[in-house]
Chemist: 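Here it is: the structure, laid out below.
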Amino acid sequence: MTADRQLLRTVWLPAVLVAVLVLSAAVAVDAAFRAPVAAWLAPAAGPAVVGLGAAAVVRSLGPRMLRPLLAGLLAAGWFWCRQWWPETLMIGLVPQPETLASIATSTAELRETIWTGTIPVETSAPLLAGVGAVLALTALVTDAIAVGLRCPAIAGLPPLALIAGAAAITAGSTPWPALALAAAAWLGLQAADEYLRA
């Protein structure tokens, strides 16, 4: 097997499967929003995708666990700030105290939406930023468990928690095609791991 094919199977395929698993699980919360799924999932998924990409790049250089996870968290965090509060970044790149103040303001607005809003809610920048943060953390934890620790069966737990939380707030109105896709990605992670161990 060539080095490129080895990287594809050991690094990039698991990263893609984790992205599919987490983003499919995220669709379970669709009934909580008034907007169509593409309108909220596309912007909310950005930090997760960037974080998984950064983790995969670092993992392709050798380390499997801690450095890919840290690189993923840094990349996802930077992209998250760049996406939602670009005007607060120094020369559009470096977070500043103003960035933290904007995050605090958005967090307060998100808290207000959670406590006073009724399902389905209107999508807003603070809400999408909050969903984006949850998706990025879920994706990177899932990636660290599935690929870093090589425990793909357990890696299904963070996305499952996302699905269970979504079912609780939407009275169980979960789209079955999304669940089927998430299950297929989870099984794919296990199959890929079994193949690599063989």
Side-chain angles (χ1 to χ4, degrees), residues 1-32 37-38 40-42 44-77 79-80 131-170 172-198:
M1 183 184 301
T2 66
D4 288 343
R5 291 183 70 187
Q6 178 72 14
L7 272 180
L8 179 65
R9 291 184 179 180
T10 61
V11 174
W12 294 104
L13 177 60
V16 169
L17 290 170
V18 167
V20 171
L21 170 58
V22 172
L23 297 182
S24 298
V27 175
V29 79
D30 183 46
V37 67
W40 65 265
L41 185 58
V49 172
V50 169
L52 287 172
V57 167
V58 172
R59 190 172 286 121
S60 71
L61 302 175
R64 270 188 32 203
M65 181 61 189
L66 189 56
R67 278 185 269 178
L69 177 59
L70 291 176
L73 288 170
L74 286 172
F79 187 85
W80 184 65
V131 173
V134 170
L135 292 184
L137 288 173
T138 303
L140 291 167
V141 169
T142 302
D143 178 70
I145 295 170
V147 187
L149 296 177
R150 294 192 73 175
C151 297
I154 298 172
L157 291 177
L160 182 61
L162 198 61
I163 292 168
I169 64 172
T170 62
S173 56
T174 304
W176 288 104
L179 292 183
L181 187 57
W186 178 64
L187 292 172
L189 275 173
Q190 294 182 78
D193 186 67
E194 286 297 323
Y195 176 81
L196 293 172
R197 290 177 189 272

Chemist: Minimum heavy-atom separation for A71 to V58, with atom names?
Modeler: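 Heavy atoms only, the tightest pair is CB-CG2, 3.4 Å.
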Chemist: CG/L181 to CG/L23 distance, rounded to the nearest 0.5 angstrom?
Modeler: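 One finds 9.5 Å between CG of L181 and CG of L23.
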Chemist: For the side chain to side chain contact (heavy atoms under 4.5 Å, CB included) test, which of V27, L179, V29 pairs with I163?
Modeler: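 So, applying the side chain to side chain contact (heavy atoms under 4.5 Å, CB included) to I163 and each of V27, L179, V29, only L179 qualifies.
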Chemist: Determine, stepwise, if the pair D30 / W40 fulfils side-chain contact (heavy atoms from CB on, under 4.5 Å).
Modeler: CA-CA 9 Å; D30 183 46; W40 65 265; 3.0 Å; yes
Chemist: Identify the heavy atoms of A192 and L13 that sit nearest to each other, and give their distance.
Modeler: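 In this case the closest contact between A192 and L13 is CB-CD2, 4.4 Å.
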Chemist: One pair to check against side-chain contact (heavy atoms from CB on, under 4.5 Å): V57 and W12. What are the steps and the verdict?
Modeler: CA-CA 9 Å; V57 167; W12 294 104; 3.7 Å; yes
Chemist: For I154, does the CD1 atom sit with more than 12 other heavy atoms under 6.0 Å from it, leaving out its own atoms?
Modeler: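 No.
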Chemist: Between L21 and A155, which heavy-atom pair has the shortest distance, and what is it?
Modeler: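 Here L21 and A155 meet closest at CD2-O, 4.4 Å.
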Chemist: Quick one, R59 and D143 - any side-chain contact, counting heavy atoms below 4.5 Å?
Modeler: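 Yes - at least one pair of side-chain heavy atoms lies under 4.5 Å apart.
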Chemist: Taking all non-hydrogen atoms of both residues into account, name the closest pair between P158 and T142 and its distance.
Modeler: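 Looking at all heavy atoms of both residues, the shortest contact is CB-OG1, 3.5 Å.
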Chemist: Might you point out which heavy atoms bring V20 and A185 nearest each other, and give the distance in Å?
Modeler: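 Where V20 meets A185 most closely, the heavy atoms are CG1-CB, 3.9 Å.
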Chemist: Checking L137 against L73 for the side-chain contact (heavy atoms from CB on, under 4.5 Å) test, could you report, in this order, the C-alpha distance in whole Å, the side-chain angles of both residues, the deciding distance, and whether it holds?
Modeler: CA-CA 8 Å; L137 288 173; L73 288 170; 3.9 Å; yes
Chemist: Taking all heavy atoms of V22 and all of L162, pick out the closest pair and write down the distance.
Modeler: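 Looking at all heavy atoms of both residues, the closest pair is O-CD2, 4.0 Å.
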Chemist: With a 4.5 Å cut-off on side-chain heavy atoms, are L160 and W186 touching?
Modeler: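 Side-chain contact under 4.5 Å: no.
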Chemist: Nearest 0.5 Å please: distance from the CD1 atom of I145 over to the CG atom of L189.
Modeler: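 Going from the CD1 atom of I145 to the CG atom of L189 covers 11.0 Å.
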